[in-house]
Amino acid sequence: MLGWGIVKGLGVTLRHFVTTYVEDLKYYPQRATKSVMEYRMAPGSKGIYTIQYPEEKPVLPERFRFLPFLVTDYEGDDLQKRHDEARCTSCGICAKVCPAQCIWMVRDTKPDGKPLPRSKEFYIDVDMCMNCGYCAEFCPFDSIIMDHDYALADYERDVAHIHNIDRLLKPASHYKEIRPAQYVQREEERRLAEEEKKRKAEEKAKRMAAKKAAAAARK
Amino acid sequence: MTVETSQVETPSLPEGSVPVPEDLKQNVFISSLDAIYNWGRMYSTWPMMFGLACCAIEFIAMAASRFDIDRFGWGLTRSSPRQADLMFVSGTVTKKMAPNIVRLFNQIGEPKYVISVGACANGGGPFKEGYNVVSGIDKYMPVDVYIPGCPPTPSALLQGVVALQEKIKKQSIRTVPWYQKDQRNDSIPVPQLGPDIFDPRDIPLIEKEREERKALKDAPPAEEVVAEAPKKPSRRAPKPPKVPAWDITPTEGAQALADQINQTLDVAAVTPEKDALVVDPSHLIAVAQYIRDDLGYNYLSNVTGVDYLGRKGPRFEVVYHAYSIDKGGGPITFKARPADDDNPKLPSLVSLWNSANLQEREVYDLYGIRFEGHPNLKRILMWEGFHGHPMRKDFKEAYYEGAIKPFSNRWPNGHHQRIDFKNPYNKNVTYPDDFNPETWKPEGEHLDALEVHQVENIAGMKTDRIKVNFGPQHPSTHGVFRMVLTLEGETIVDLEPVLGYLHRNHEKIGERNGWLMNMPYTDRLDYLTSMVNNHAYALLVEKMANIQVPDRAEYIRVIMSELTRVFSHLVLIGFYTNDLGCSFTPLLYALEARERILDLFEAASGARMMVNYMRFGGVAYDVDDEWLKLARFHVQDTLPRTLDDLETLLSENEIVLTRSKNVGALSAERLIANGVTGPMLRAAGVKYDVRKVEPYSVYDRFDFEVPTLQNSDIFDRYMMRVLEIRQSLRILEQALDQIEAGSIMGGKGAYSLRVPAGEAYSRIESPKGELGFYAVSNGSGNPWRYRVRSPSFVNLTALSEMSVGQKVADAVIILGAIDIVLGEVDR
């Protein structure tokens, strides 16, 4: 019958329309609570669910990446201390691996000009960053991490979109909060590496001591 | 809303408060009026239906049901700037497109707002260094809100929307410029496409620059003029890059083939080099004809140029890859080297393979190699009059910073400075001596007036033959694509695609990047199928560097690629039926399913669209059992359900059938000649799928079919996608069953990879057709030549042949069914 195909299609539209309303009514009036949201966004849920941003926010997976930030082990607000306890050693790997070349960093130096393992200045040009996550992936010290904060719209870009070191430094607790599993895993790895280093140093010291003792005995 | 209403209702004054003085009463009224005025405006701002690149896809996702921009009253996207209040500049602004964007902006009536979406529109983004990329749309027009991100997620976009609403809320009816007589905005001068883009406001600057340079040129001790010359010499002077050279002892097969061709043609036309044949330019056509007709390699897949600057002998080389549709398997690679470096030319192969048509134009545009006998040899990605041929090794972009990355000024003394301020625009541009910015008119960029000729049409009636410009800003061109239609009445007599409005210089940037750095760039080629692009590029480098991939990684790759294929096809069905007139319903259902898959991608890789998930030797992160369970659920439930819905909605719909049956059909032979691959070719009855004919990854372990259809019309192309989704779901089921625990990374996974010198072409079956990557390595950490053979681009070759004789409305759906993504067409 001519027109049957259209009617059948309209049936699909009608079904979608009704299902969504039925689901909406089921949870009326507390549709925006977190548990309802999770349930309705779960796989296999019926009807269409709309996230009511900004009142509701989508749940982000741990690996979600937006822009990078630098990790400091100091938790307070003192900028200088944040700076002092930053994990970054200014090795430059992030700047070298960055595909868009959006990272600029100035390595700190001693008064005599010798390099110090920390960065004095650090810039990320947000308007060049492609959120690829390489800096965080290849950082050997776990000191640059991709942040979850995406709500960064601004009215100008000359200041707001050049993230300098003061803005980039965030405490390790933030890192732990947004990436708990990775934090635990990497911290464990770091701890093991530290222990290994310590053990090696001790062994070396022992060997040196033994050598010294042997040399002294020979005398 | 609560805040605004409290401002509107003048509350009864609490006791003891000061009454408003008489002379300020007026202001109270105005501020209440402001509140109403702004409240009305901020919830009815209509954006223009306008998108440039990847970010536009996130814009569409934001408009779809999960995020739903309609909740803000912003959902009424208008196709015409004259009805819109707001422009989302979403994506990379290219120089070729910038004049059009400014024109569109000028056409929006006040009050008008601009939201710049994503890193590219804000400041050039990762493509900033490109020769065709503008460093931010705010160079040419005012921007109200900048949304960072690459791309911003839909929530980030909504936050930008809220930010603009805040801004609107603060405006006052007394100070807004559009009610002020003296402040009213005149239209912004449209930038011009000269040797490079220039702003008419900058003409004095350009003139000064040119005079200075001329003076320098005339002065006898020629001083270095190039802008990037470092002030103090770096510790290590940059060595000139090594010209690629590798062992060219011919393989047995190549030697035998060369002997056979030379014997048959009875001249020494071909010399084998490794597995390629080097053809004497004067015999190129004869050899190509032999390869096509006698050897049966009837499908010319890839034509590309390489510039071996510094090599002994001819500098340029054009590489051809021909495949056999019937036999399958690998290609015959043949090359030709134009003898004259200063005026390189080669015979054109368009007479044999039309698939060379657009690709030869591209080689001409980027390398300046002329193809004699080409029917329409002009620039394709850049505009006529652009200075130089950008892919040549000695070409320097306006924002040139260094020959290879990483740039030395980033570390250890990287004081941030934006290159667009440091290296002013005009320094690297060569202006011809007779260039006059005042009178300059770029060729081919304007369709000044309708060209009207009176002709007699087929039926003997008098009719006007007119030229109509279609795009680059048009809601149904799927991006910034332009067609110039010549019409007789409603019938198309000629169609010329005009490309390059999203030419982001992937290949030039790719040569500067390290091998690994190119991975996230491939995400942005066909931004709907990032996983597949990752896969193709990883395969190429693994082939060149001989890296083994563990089984689990292969399975994860297949799962990701097939999920991508499913949603790419679903979204295509949505877009294509949108073009047919089924406005938005199928697209919304498809996008709903896509969101589910994107959730999977986001959980696995960290990003929805720009996944950057695969590495050389494996994948970046493992997926857990929970993820696999979820993927299985979607494969068994969500996706088939969506597909069934779409099928019931469309497959028997009489209107869809009437519109799409017998439209745009082209025979299998013509499709092959035009280099068309993918679902379009299979819809014409040709069983050709790279997953079967030249299996890669672990596709040989799955039981699946290559479906074919016979009619080759628009309906079959739609049906083809439906059938392919069913096959992909079959593959997915098997892959999810077979995947086992194990390592996800072979090789070292180091960030600096050196690839042995050599060349390679590797291809996979992307949802759009054959996606190939060709690279030449000189043994260092950067590719010498990096080429993307994109299916969307080559498939467009057939557009004009399919559309001639059809109606204008049909051209739209023919284009829709090709399934182009402009990021991949223009690269």
Side-chain angles (χ1 to χ4, degrees), chain A residues 2-6 8-9 11-13 16 43-44 48-54 57-58 61 63-67 90 92-93 95-101 103-107 115 121 123 125-134 137-138 146 150-157 160-162, chain B residues 65-68 71 119 122-126 128 136 144-150 152-153 155-156 158-160 162-163 167 405-407 410-416 513 517 520-521 585 592 596 602-603 605-607 610 612 620-621 630 633-634 637-638 645 648-650 652-655 751:
Chain A
L2 187 71
W4 183 238
I6 296 177
K8 258 176 37 185
V12 174
T13 324
H16 274 260
I48 285 165
Y49 185 76
T50 302
I51 298 170
Q52 308 261 335
Y53 190 92
K57 294 197 170 115
R63 281 179 198 159
F64 177 78
R65 52 184 147 85
F66 207 67
L67 289 165
S90 205
I93 287 180
K96 284 178 211 156
V97 77
C98 176
Q101 295 286 297
I103 299 177
W104 280 259
M105 60 207 289
V106 178
R107 191 167 51 190
E121 293 171 40
Y123 303 95
D125 191 335
V126 173
D127 292 337
M128 287 171 79
C129 176
M130 66 200 298
N131 309 159
C132 67
Y134 275 162
E137 192 175 325
F138 292 104
M146 300 303 277
Y150 53 78
L152 296 165
D154 216 308
Y155 302 115
E156 57 83 44
R157 71 184 182 96
H161 283 195
I162 295 163
Chain B
S65 32
R66 184 183 280 195
F67 294 94
D68 194 7
R71 295 185 300 111
N122 291 346
K128 185 177 185 129
D144 294 287
V145 173
Y146 297 90
I147 306 176
C150 187
T153 59
S155 336
L158 288 176
Q159 195 252 334
V162 175
K167 186 168 183 167
K405 286 179 186 173
F407 300 137
R410 297 295 198 268
W411 178 86
N413 278 312
H415 298 277
H416 175 264
N513 283 347
M517 288 178 187
Y521 278 94
T585 307
E592 183 62 22
R596 299 287 191 187
E602 197 176 41
S605 74
M610 304 310 174
N612 187 19
Y621 310 100
L630 197 57
F633 178 84
H634 288 318
D637 184 273
T638 316
D645 275 359
T648 331
L649 195 60
L650 301 167
E652 290 168 44
N653 187 314
E654 284 83 359
I655 302 173
Y751 67 87

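Computed from a predicted model, the values in this text were never measured in an experiment. Order of the sequence lines sets the chain letters (A, B, ...), proteins ahead of strands, with each chain counted from 1.
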Of all of [options], which one pairs up most often with chain B through heavy atoms under 4.5 Å apart?
options                                : value
A:Arg107, A:Gln101, A:Met128, A:His161 : A:Gln101
A:Ala100, A:Ala151, A:Ala95            : A:Ala151
A:Gly9, A:Gly3, A:Pro99                : A:Pro99
A:Leu2, A:Leu67, A:Val12, A:Val126     : A:Val12

Can you list the residues that meet the salt bridge (charged side-chain N to carboxylate O under 4.0 Å, His left out) rule with A:Lys57, with sequence neighbours excluded?
none
With sequence neighbours excluded, residues passing salt bridge (charged side-chain N to carboxylate O under 4.0 Å, His left out) with B:Asp645
A:Arg15
Select one option (side chain, backbone, both, neither) describing which atoms of [X] are under 4.5 Å from chain A's heavy atoms.
X        : value
B:Leu158 : both
B:Thr153 : both
B:Phe633 : side chain
B:Glu592 : side chain
B:Arg66  : both

For the candidates [options], which exhibits the highest count of non-hydrogen atom pairs separated by less than 4.5 Å from chain A?
options                                : answer
B:Pro148, B:Gly160, B:Ala607           : B:Pro148
B:Lys128, B:Lys167, B:His634, B:Glu654 : B:Glu654
B:Met610, B:Met517, B:Glu652           : B:Met517

Do [X] side-chain atoms and [Y] backbone N/O form a donor-acceptor pair below 3.5 Å?
X        : Y        : answer
A:Asp154 : B:Tyr146 : no
B:Gln159 : A:Ala153 : yes
A:Asn131 : B:Cys150 : yes
B:Trp411 : A:Ser90  : yes
B:Arg410 : A:Lys96  : no
A:Asp127 : B:Gly124 : no
B:Tyr751 : A:Tyr134 : no

Under the side chain to side chain contact (heavy atoms under 4.5 Å, CB included) criterion, do A:Glu137 and A:Val97 qualify, and how do the steps go?
CA-CA 10 Å; A:Glu137 192 175 325; A:Val97 77; over 6 Å; no
Check each atom of [X] against the heavy atoms of chain B and say whether the ones under 4.5 Å are side chain, backbone, both or neither.
X        : result
A:Tyr53  : both
A:Cys132 : both
A:Tyr123 : side chain
A:Tyr155 : both
A:Ile103 : backbone

Would you indicate whether the side-chain heavy atoms of A:Tyr150 and B:Pro152 approach each other to under 4.5 Å?
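Side-chain contact under 4.5 Å: no.
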